[in-house]
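Numbers for residues simply follow the sequence, beginning at 1. The figures that follow rest on heavy atoms only: side chains count, while hydrogens, waters and symmetry mates do not.
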Amino acid sequence: MKITCVAVGKIKEIYLKQAIAEYSKRLSRYCKMEMIELPDEKTPEGASQREEQQIKELEGERILKALKEGAYVIALDIQGSQPDSVKFSRKLEQLAVQGKSHIAFVIGGSLGLSPAVLKRAEERISFSAMTFPHQLMRVILLEQIYRGYRIMHGEPYHK
């Protein structure tokens, strides 16, 4: 199974880079992990709704270009379903059984995802009703994918 994380924005914080590297290393025994970082657009102070929409559309175009044909796309969206870790693990397993060899998770920028990206996604999930920095979401996502594989294989993992 190949898992791609397409994310808007660069990670600058060393501790987040280290966490991403650690979970990517742990995941390497279960799947092929790929992280694609796309440039974000600067949002001017006091941007209008129109300006924000244009920014989301520009970022969305980059995301759509980065998504490979045939990938099963899961958008991280605050309006998405909120599976627990066991259901998330079952979903990963179910996709593999169905022959989905490539899953792409999409994390938008600070303004969220464009309607075009949400339309392209086969599924939308949310890890919480709370808002998290999009850079931190990469770590949370990788941790949950790792936890999902551990659950799937009946391996111990802290609760």
Side-chain angles (χ1 to χ4, degrees), residues 1-13 16-17 19-20 23-24 27 30-44 47-149 151-152:
M1 166 91 52
K2 179 178 180 179
I3 295 183
T4 302
C5 176
V6 178
V8 173
K10 267 207 166 312
I11 301 264
K12 298 174 187 97
E13 297 84 356
L16 292 175
K17 286 181 181 181
I20 289 167
Y23 280 111
S24 295
L27 279 165
Y30 301 107
C31 64
K32 184 174 186 243
M33 184 72 222
E34 177 186 30
M35 185 69 67
I36 299 175
E37 275 190 347
L38 302 172
D40 58 346
E41 293 292 319
K42 300 300 175 217
T43 305
S48 69
Q49 279 189 325
R50 180 173 160 78
E51 288 172 311
E52 288 185 357
Q53 190 60 37
Q54 288 174 329
I55 289 168
K56 284 195 327 190
E57 287 173 11
L58 282 170
E59 291 174 348
E61 288 170 13
R62 290 183 191 126
I63 291 168
L64 292 171
K65 284 180 186 170
L67 294 171
K68 305 289 187 262
E69 188 73 31
Y72 185 90
V73 178
I74 300 175
L76 273 61
D77 176 30
I78 200 159
Q79 303 298 326
S81 65
Q82 291 186 5
D84 62 23
S85 295
V86 173
K87 285 182 184 170
F88 184 71
S89 175
R90 285 188 189 132
K91 182 64 179 183
L92 293 175
E93 187 172 31
Q94 175 189 29
L95 290 171
V97 168
Q98 291 172 350
K100 307 289 185 203
S101 60
H102 186 190
I103 302 171
F105 291 92
V106 179
I107 301 172
S110 60
L111 299 175
L113 294 167
S114 72
V117 172
L118 293 173
K119 185 178 178 185
R120 167 65 177 88
E122 278 85 4
E123 196 167 335
R124 299 180 197 182
I125 63 169
S126 171
F127 286 119
S128 174
M130 294 180 185
T131 302
F132 296 103
H134 55 280
Q135 296 92 340
L136 182 58
M137 274 313 302
R138 294 179 211 185
V139 177
I140 295 169
L141 172 63
L142 293 181
E143 191 280 335
Q144 284 299 304
I145 294 169
Y146 176 68
R147 183 182 296 268
Y149 275 106
I151 291 168
M152 193 184 312

Measure across [X] and [Y] and return the closest heavy-atom pair with its distance rounded to 0.1 Å.
X: Lys42; Y: Ile55; answer: O-CD1, 3.7 Å
X: Pro44; Y: Glu51; answer: CG-OE2, 4.4 Å
X: Val8; Y: His134; answer: O-CD2, 3.2 Å
X: Ile11; Y: Ile20; answer: CD1-CD1, 3.8 Å

Output all residues satisfying side chain to side chain contact (heavy atoms under 4.5 Å, CB included) with Glu61, sequence neighbours left out; order by chain, then residue number.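 Glu61: side chain to side chain contact (heavy atoms under 4.5 Å, CB included) contacts with Leu58.
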
Report yes if some heavy atom in the side chain of [X] is under 4.5 Å from a heavy atom in the side chain of [Y]; otherwise report no.
X: Met1; Y: Leu92; answer: no
X: Lys91; Y: Lys87; answer: no
X: Gln53; Y: Pro115; answer: yes

Result for salt bridge (Lys or Arg N to Asp or Glu O under 4.0 Å) between Arg62 and one of Glu37, Glu41, Glu57 points to Glu41

With Tyr30, which residues qualify under ring-ring contact (aromatic ring centres under 6.0 Å, His included), at least two apart? Tyr149, His153

Please enumerate all residues that pass side chain to side chain donor-acceptor pair (under 3.5 Å) together with Ser85, with sequence neighbours excluded. Gln144

For Lys2, does the NZ atom have more than 12 heavy-atom neighbours from other residues, nucleotides or ligands under 6.0 Å away? yes

Just grab all the salt bridge (Lys or Arg N to Asp or Glu O under 4.0 Å) pairs involving residues 101-121, residues at least two apart or on different chains.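 Every salt bridge (Lys or Arg N to Asp or Glu O under 4.0 Å) pair that includes a residue of residues 101-121, provided the two are not neighbours, is Arg120-Glu122.
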
Taking it one step at a time, do Lys56 and Glu52 satisfy salt bridge (charged side-chain N to carboxylate O under 4.0 Å, His left out)? CA-CA 6 Å; Lys56 284 195 327 190; Glu52 288 185 357; over 6 Å; no

Would you be so kind as to tabulate the donor-acceptor pairs closer than 3.5 Å made by side chains of residues 64-79, with sequence neighbours excluded?
from, atom 1, to, atom 2, distance (Å)
Tyr72, OH, Glu123, OE1, 2.7
Asp77, OD2, Arg124, NH1, 3.4

Side chains of residues 95-114: which donor-acceptor pairs under 3.5 Å do they make with residues two or more places apart or in other chains?
from, atom 1, to, atom 2, distance (Å)
His102, NE2, Thr4, OG1, 2.7
Ser114, OG, Val117, N, 3.2

